[in-house]
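Notes follow the structure.
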Amino acid sequence: MPIVSSKRQITLPVEQCNEAGIRPGDEYRCFVANGHITIVRKMPEAAKGCLSHVTGDSTLSDEESRQSALI
């Protein structure tokens, strides 16, 4: 069973990495919810196109746009 090192590092079991498609050098995201840590391999271009329907308002400056998002 893997143990957390003094540096807070863990070793993922090879079998689980193979099952999840995780390979050395892959990037990942970590989430904590209800006391559980979930590790998710980042997929290149996974979010591509998810905001393609959004259009900007060219009459606003970047600062005006940031301020309007805070309201």
Side-chain angles (χ1 to χ4, degrees):
M1 174 174 280
I3 335 175
V4 178
S5 76
S6 60
K7 293 182 183 181
R8 307 293 191 266
Q9 296 171 326
I10 61 169
T11 300
L12 301 173
V14 173
E15 300 82 20
Q16 291 176 356
C17 288
N18 290 340
E19 189 175 330
I22 297 172
R23 293 179 178 75
D26 282 351
E27 293 185 12
Y28 68 92
R29 295 291 309 237
C30 261
F31 304 94
V32 178
N34 300 322
H36 296 275
I37 299 172
T38 301
I39 300 170
V40 180
R41 179 174 55 101
K42 289 176 84 175
M43 305 286 287
E45 299 187 21
K48 185 177 183 177
C50 69
L51 296 176
S52 61
H53 67 284
V54 176
T55 56
D57 184 346
S58 61
T59 64
L60 293 177
S61 70
D62 287 345
E63 184 57 30
E64 290 170 324
S65 178
R66 277 192 287 279
Q67 289 301 319
S68 69
L70 298 174
I71 299 174

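- In this structure, E64 contributes its side chain and S61 its backbone to a donor-acceptor pair below 3.5 Å.
- The backbone N or O of G21 lies less than 3.5 Å from a partner atom in the side chain of R41, making a donor-acceptor pair.
- Taking hydrophobic clusters as Ile, Leu, Val, Met, Phe, Trp and Tyr residues chained together by side-chain heavy-atom distances below 4.5 Å, M43 does not share a cluster with F31.
- Between L12 and C17 the shortest heavy-atom distance is CB-SG, 3.5 Å.
- Annotation for E19: atom CD does not count as buried by contact number, only 12 or fewer foreign heavy atoms lying within 6.0 Å.
- One hydrophobic cluster, built from ILVMFWY side chains closer than 4.5 Å, cannot hold both V32 and V40; they sit in different ones.
- Considering all non-hydrogen atoms of both residues, I39 and C30 come closest at CG1-SG, 3.8 Å.
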